[in-house]
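Please read the structure below before turning to the comments.
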Amino acid sequence: MNKKDYLIMAVLTVIYAVIAFSNLGATVAPETFWQPQSQQVELAVDFGETYDVSRVQLYPNIENASFEFATSIRMDSPGEDAGELEKTECFQWFTVEINKPARYVVIRMQGRAINVGEITFFDGEQKPIPVRNILGTTDQTVTRMFDEADKAPFESDYYHGTYFDEIYHARTAYEFINHLLPYEITHPPLGKVIISLGIRMFGMTPFGWRFMGTLFGVLMVPLMYLLGKRLFKKTFFAAAASILFTFDFMHFAQTRIATIDTYAVFFIMLMYLFLYEYMRQDYCHAPMKKMVLMLGLCGLFFGLGAATKWTCLYAGAGLAVLFFIDLFCKYRRAKKEAQLAIFKGRTLRIICWCLLFFIVVPVLIYAASYAPLVACEGQTWQSVINNQSYMFDYHSGLKEDHPYSSKWYEWIVMVKPIVFYRITPVDHPDQISTIASFGNPLVWWVGILAMLYLFCCALYYRDKKAWFIFIAYLAQLLPWMLVSRVVFIYHYFNSVPFLVLAIVYAITRYYEKNPKRCVAVTSTYLAGCVALFALFYPVLSGLPAGVDYVRDTLIWFKQWYFV
């Protein structure tokens with residue numbers, strides 16, 4: 001690494017950070033909540049005078065509930081139904097259109113456990129209507145439902161609330177902070193604990209619960225640069241790897257949603273980086289402390305990954321295969337150079353350190369990640385043990401069909417992207433707001449050819465770098481070939497860093513034959529990847545775009561359900 005490397009890495013990181021954090025989410029949201037004593041509530045709000053009530057926005061907290069509304073000019077009349085919601089999710093706004101003149105609005109709520117953050121009424125000019133009186137209850141805390149009207153959007157979207165699996169992971173992070181029994185226990189806790197750090201800094205707001213994931217997505221940019229530099233030595237190749245990963249669609253969409261996959265991929269990249277640093281050491285002559293340090297860091301990030309998501313165990317299998325292949329190669333070299341005595345002595349020590357770093361340390365990290373769960377009332381370490389069997393049974397028995405599910409071989413060619421969010425703005429029926437997770441075609445499709453080429457080079461040239469990338473890639477993908485449960489394209493995210501490295505490996509081979517032409521062709525290719533990112537940006541970010549533009553320009557295949 002030299003000054004030029006640090007400069008390029010910093011510029012790429014800053015550019016991506018600006019893109020990633022732009023329009024990430026609202027920095028304000030209701031913070032006071034009302035929970036009545038009964039599961040059925042009927043009360044009336046009095047505006048003090050008649051308004052043209054256009055719509056009402058509701059922001060539930062943790063529990064689901066049913067809401068019904070009726071409006072009437074006079075309280076002694078039965079009123080007429082204005083609209084209803086049969087089910088809501090936590091920490092997102094729901095809209096009920098009213099479009100009627102009213103002084104009073106009767107609100108009926110029923111549900112398992114009603115818990116409401118805010119109810120805001122809007123007039124015909126899209127301004128909040130002040131609530132003067134609340135009738136039908138003596139509970140003074142009911143005002144909490146109407147005290148933050150300034151935080152209610154007239155038209156809500158992904159920017160103002162949870163979407164897709166955020167309703168589980170962001171919620172669980174909130175529950176950990178407040179020592180509430182978590183709802184989502186189908187994955188280990190560490191990912192949600194990391195999400196909670198952003199909530200502690202910025203509040204229980206969309207920006208707060210997405211901040212840490214986006215930050216880790218930004219940190220992946222220099223991390224990929226380091227991987228490229230370590231593997232391929234030259235600045236040009238490191239920059240190419242970082243650009244390809246930076247402007248991959250899935251990297252962008254997946255790290256801006258508050259789910260745990262981002263942290264798993266980040267830890268996988270780190271564990272393979274430090275394993276490679278270990279593997280490139282002169283086994284019989286390098287300082288023992290340095291090799292132990294690299295293995296220790298590799299084991300540390302393996303433990304952090306396992307405590308985030310079980311898919312990191314697949315990466316651990318890849319680490320083990322690479323470690324023992326490398327050990328065998330070093331044995332042959334030591335035998336050839338008559339250094340078997342040194343090899344045997346060092347190997348015994350290395351194996352002992354590995355037992356510590358890859359078994360003891362990960363187990364301790366994994367157990368420690370459950371501290372927030374044990375801190376909840378009624379939970380013990382027996383609950384942690386029970387949770388392991390629950391997770392296994394849940395994932396092995398998940399057979400329900402899903403409209404966005406796809407098989408592993410469909411991920412590779414992007415048959416069916418997963419759509420996290422899609423809505424037609426109420427006041428803009430000619431537009432669509434979509435957030436989809438899939439790959440940059442110039443990365444994923446070129447990556448198929450690059451991976452095949454890399455495999456051939458690994459066989460023909462016995463290239464250690466090629467084998468390293470191929471085994472790391474296969475370790476993330478091969479287990480999904482054996483999984484029968486419903487799966488989605490975002491499970492391929494773990495493989496994408498190694499797909500990028502395969503492309504750069506192919507570029508290095510081309511560079512050896514014709515450097516000038518390689519630089520020109522690669523630069524054009526990278527520019528094309530960036531251009532495609534800009535073209536598809538609306539369906540990656542939720543930015544409202546014309547339905548015609550999305551349908552005619554961005555839907556390349558019939559199963560790309562962006563509209």
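Index from 1, following the sequence. Remember, it's a predicted structure, so these values are computed and weren't measured experimentally.
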Distance under 6.0 Å and angle within 45° of the ring axis: does Arg55 meet both against Phe154?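 Yes, a cation-pi geometry holds between Arg55 and Phe154.
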Output, in order, the C-alpha distance, side-chain angles, deciding distance and verdict of side chain to side chain contact (heavy atoms under 4.5 Å, CB included) for Phe216 and Leu223. CA-CA 10 Å; Phe216 272 61; Leu223 180 53; over 6 Å; no
How are the rings of [X] and [Y] set to each other: parallel, tilted or perpendicular (split at 30° and 60°)?
| X | Y | result |
| --- | --- | --- |
| Tyr537 | Phe252 | tilted |
| Phe237 | Tyr511 | perpendicular |
| Tyr492 | Tyr473 | perpendicular |
| His395 | His187 | tilted |
| Phe557 | Trp560 | perpendicular |
| Phe211 | Phe202 | tilted |

If we only count heavy atoms from C-beta on, is the [X] to [Y] side-chain gap below 4.5 Å?
| X | Y | value |
| --- | --- | --- |
| Thr311 | Trp480 | yes |
| Ile243 | Phe247 | yes |
| Ile268 | Pro497 | no |
| Met9 | Met1 | yes |
| Arg256 | Tyr158 | yes |
| Trp408 | Val483 | no |
| Ile195 | Met212 | no |
| Ile503 | Val443 | yes |

Verify whether the ring centers belonging to [X] and [Y] lie closer than 6.0 Å.
| X | Y | value |
| --- | --- | --- |
| Phe498 | Tyr272 | yes |
| Tyr16 | Phe245 | no |
| Phe164 | Phe420 | yes |

After noting the C-alpha distance and the side-chain angles of Asn494 and His491, does the key distance pass the side chain to side chain donor-acceptor pair (under 3.5 Å) rule? CA-CA 7 Å; Asn494 295 11; His491 290 125; over 6 Å; no
What's the separation between atom CG in Leu474 and atom OH in Tyr314, rounded to the nearest 0.5 Å?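 So the gap between those two atoms works out to 13.5 Å.
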About how many Å separate OG1 of Thr255 and CG of Leu215, when rounded to the nearest 0.5 Å?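 Atom-to-atom, Leu215:CG and Thr255:OG1 are 10.0 Å apart.
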Do the side-chain N and O atoms of [X] and [Y] include a donor-acceptor pair separated by under 3.5 angstrom?
| X | Y | answer |
| --- | --- | --- |
| Glu148 | Thr32 | yes |
| Thr95 | Glu97 | no |
| Gln57 | Thr120 | no |

Nearest non-hydrogen partners of Tyr276 and Lys465, listed with the distance: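 That closest heavy-atom pairing would be OH-CE, 3.5 Å.
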Smallest separation among heavy atoms of Ala306 and Pro188, with atom names: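 Answer, listing the atom of Ala306 first, then Pro188: O-CG, 3.6 Å.
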Salt bridge (Lys or Arg N to Asp or Glu O under 4.0 Å) evaluation trace for Glu166 with Arg210: CA-CA 9 Å; Glu166 285 186 340; Arg210 293 171 194 153; 2.7 Å; yes
Intermediate values then yes/no, side chain to side chain contact (heavy atoms under 4.5 Å, CB included), Thr308 and Phe266: CA-CA 11 Å; Thr308 300; Phe266 184 80; over 6 Å; no
May I have the step-by-step check of side chain to side chain contact (heavy atoms under 4.5 Å, CB included) for Asn61 and Trp34, ending in yes or no? CA-CA 9 Å; Asn61 189 351; Trp34 181 62; over 6 Å; no
Report the C-alpha separation of Asn23 and Ser541 in whole Å, then their side-chain angles, then the decisive distance to 0.1 Å, and conclude whether the side chain to side chain donor-acceptor pair (under 3.5 Å) test is met. CA-CA 8 Å; Asn23 297 314; Ser541 64; over 6 Å; no
Check the pair Glu184 / Arg171 against side chain to side chain contact (heavy atoms under 4.5 Å, CB included), numbers first and verdict last. CA-CA 8 Å; Glu184 192 278 311; Arg171 168 180 173 171; over 6 Å; no
Tell me whether Asp157 contacts the main-chain N or O of Tyr159 through its side chain, where contact means a donor paired with an acceptor under 3.5 Å.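 Yes, the answer is positive, given that a donor and an acceptor are paired below the 3.5 Å cut-off.
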Can you confirm whether Arg485 is buried at CZ, in the sense that more than 12 heavy atoms of other residues, nucleotides or ligands lie under 6.0 Å from that atom?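 Yes, the 6.0 Å shell around CZ holds more than 12 heavy atoms from other groups.
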